[in-house]
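One structure is given below, encoded as structure tokens.
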2 protein chains.
Amino acid sequence: MVKKRENMLLDNSTEEKIKESARKVFLKKGYAATRTRDIAEGAGINLALLNYYFRSKEKLFELIMLETMFSFMQKMAVVLNDEDSKLEKKVELIASNYIDFFTEEPNVPIFVLNEMHKNPRLLFDTLPVRELFFNSVFFRQYQTQVAKGKIKEGNPANFLINMMSLIIFPFVGSPIFKLITGTLDAQYLELMQERKKLIPRWVKAMMKSM
Amino acid sequence: MVKKRENMLLDNSTEEKIKESARKVFLKKGYAATRTRDIAEGAGINLALLNYYFRSKEKLFELIMLETMFSFMQKMAVVLNDEDSKLEKKVELIASNYIDFFTEEPNVPIFVLNEMHKNPRLLFDTLPVRELFFNSVFFRQYQTQVAKGKIKEGNPANFLINMMSLIIFPFVGSPIFKLITGTLDAQYLELMQERKKLIPRWVKAMMKSM
DNA sequence: GTCTATAGGGGGATAGAC
DNA sequence: GTCTATCCCCCTATAGAC
């Protein structure tokens with residue numbers, strides 16, 4: 001269902017062209033403000049053809065959403081269950097992966113969060129996120145650290161929330177942060193790169209004092 | 001321009017009823033998905049009357065947006081410039097104020113962030129946020145701590161970003177976090193309350209190791 | 001100020017030719 | 001598979017009566 005990036009780029013089928021265009025427009029404008037006409041135009045085809053392939057705007061949207069969330073989760077899942085790396089290294093990898101991902105696709109976070117907020121059902125139809133997290137090597141390692149007293153005992157939810165907040169929110173709130181700090185786009189991206197190394201340290205420091 | 005809450009609640013004028021309804025619908029659905037018919041219905045008046053008072057959907061939206069952002073910023077501004085409290089106390093107050101605010105109005109953060117992302121111009125037309133922050137007592141205190149070596153030297157932007165991330169993101173990503181951690185709505189709100197006290201500690205711990 | 005009625009346009013979806 | 005033409009609903013905005 002979800003093809004590899006290489007295949008997608010080589011695949012010049014009409015269906016793929018429409019999906020690429022749809023992805024671009026949906027991510028930029030959100031579901032409600034998107035016009036199927038714009039998607040068609042972006043794909044270099046006709047409106048009728050869009051409906052021929054995907055039946056409706058809604059169906060096309062759900063497909064794009066599913067694929068986007070899947071790639072979103074997958075980035076995490078791979079790292080979470082790596083047996084060879086330690087907890088701190090995993091935090092570093094997660095931060096690094098997501099920061100690279102969002103740097104290339106800056107609209108993904110706000111898009112996913114917003115649509116999810118409007119329609120939480122979209123979440124349930126996807127993946128067993130809950131099991132994915134609690135059965136992970138990552139979580140087991142976290143618990144070990146707590147048992148050893150290296151991480152102060154507390155709600156594990158806070159660990160997850162804090163880590164993801166530090167990684168994702170700077171992208172979600174970028175317009176405000178850029179304005180307040182008077183940072184240009186290029187500088188801001190540099191800052192995000194620096195944060196790859198800082199976030200693991202911060203997470204570590206925080207968790208000692210929960 | 002922006003009236004006090006007490007006045008708003010007592011003010012039963014048609015104009016105010018429309019604004020209240022508009023606020024509710026816009027916050028819930030976002031600009032694009034909002035129908036002026038729904039606003040009118042919610043206010044118990046007719047569609048024509050809405051345009052009589054506010055000229056257009058867009059004008060009404062801009063007004064609501066402006067007021068929302070204003071109250072958003074004001075919450076911060078008051079604390080930032082308090083001469084009597086120390087830096088750590090300020091972080092505590094900011095966290096506490098925002099968590100209470102978002103608990104009452106859970107749609108505000110994602111709404112503001114999303115609309116701002118779609119149309120960053122909305123930001124520029126508001127307030128001199130930049131000056132507000134850098135000329136604040138808060139920022140001066142931050143610099144003093146850095147000079148004293150109590151906060152490790154680093155980009156001040158990170159201080160702001162991290163604090164706001166820990167405060168706001170849990171509300172923005174609530175659907176996902178609830179799902180992953182298997183938390184019910186009431187429990188999640190409890191968690192947010194607990195975070196009022198935890199966030200200042202975390203911020204402090206982080207800033208020692210920038 | 002408030003209403004009813006309607007203009008006017010936009011957008012999603014389909015029929016039907018090629 | 002792909003196009004043109006068109007349907008039809010929905011939504012914003014306004015005209016005009018009260």
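Proteins come first, then strands; the chains are lettered A, B, ... in the order of their sequence lines, and each starts at number 1.
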Polar side chain donor-acceptor pair, B/R195 to A/N162, under 3.5 angstrom: yes
Nucleic acid contacts of residues 53-61 of chain A, taken as heavy-atom distances under 4.0 Å to DNA chain D: A/Y53
Distance-only polar pair, side chains of A/Q141 and A/K90, donor-acceptor under 3.5 Å: yes
Separation of atom CG in A/N51 from atom P in D/dT2, rounded to whole Å: 14 Å
Salt bridge (charged side-chain N to carboxylate O under 4.0 Å, His left out) involving A/K57 - partner list, sequence neighbours excluded: none
Under 4.0 angstrom between A/T14 side-chain N/O and D/dG1 OP1 or OP2: no
Atom-pair distance (CD on A/E15; P on D/dT2), nearest Å: 10 Å
Shortest non-hydrogen contact between B/I18 and B/L49, atoms and distance: CD1-O, 4.3 Å
Salt bridge (charged side-chain N to carboxylate O under 4.0 Å, His left out) partners for B/K196, two or more places apart: B/D100
Which protein N or O atoms sit under 3.5 Å from an N or O of nucleotides 3-6 of chain D?
{"from": "D/dC3", "atom 1": "OP2", "to": "A/N46", "atom 2": "N", "distance (Å)": "3.2"}
{"from": "D/dT4", "atom 1": "OP2", "to": "A/N46", "atom 2": "ND2", "distance (Å)": "3.2"}

Which residues share a side chain to side chain donor-acceptor pair (under 3.5 Å) with B/R35, sequence neighbours left out: B/D38
Geometric class of the A/F139/A/F134 ring pair [parallel <30°, tilted 30-60°, perpendicular >60°]: perpendicular
Plane angle bin for B/F101 and B/Y98 - parallel if under 30°, tilted between 30 and 60°, otherwise perpendicular: tilted
Passing candidate, ring-ring contact (aromatic ring centres under 6.0 Å, His included) with B/F102, options B/Y188, B/F111, B/F171, B/F169: B/F171
Nearest heavy-atom neighbours spanning A/A157 and B/T181: CB-CG2, 3.7 Å
Distance, rounded to the nearest Å, where A/E41 contributes CD and C/dG12 contributes P: 13 Å
A/Y52 OH - C/dA15 P separation (whole Å): 14 Å
For DNA chain C, the residues among residues 24-36 of chain A that have a non-hydrogen atom under 4.0 Å from it: A/T34, A/R35, A/T36
Salt-bridge criterion met for B/E20 and B/R23 (N-O under 4.0 Å): no
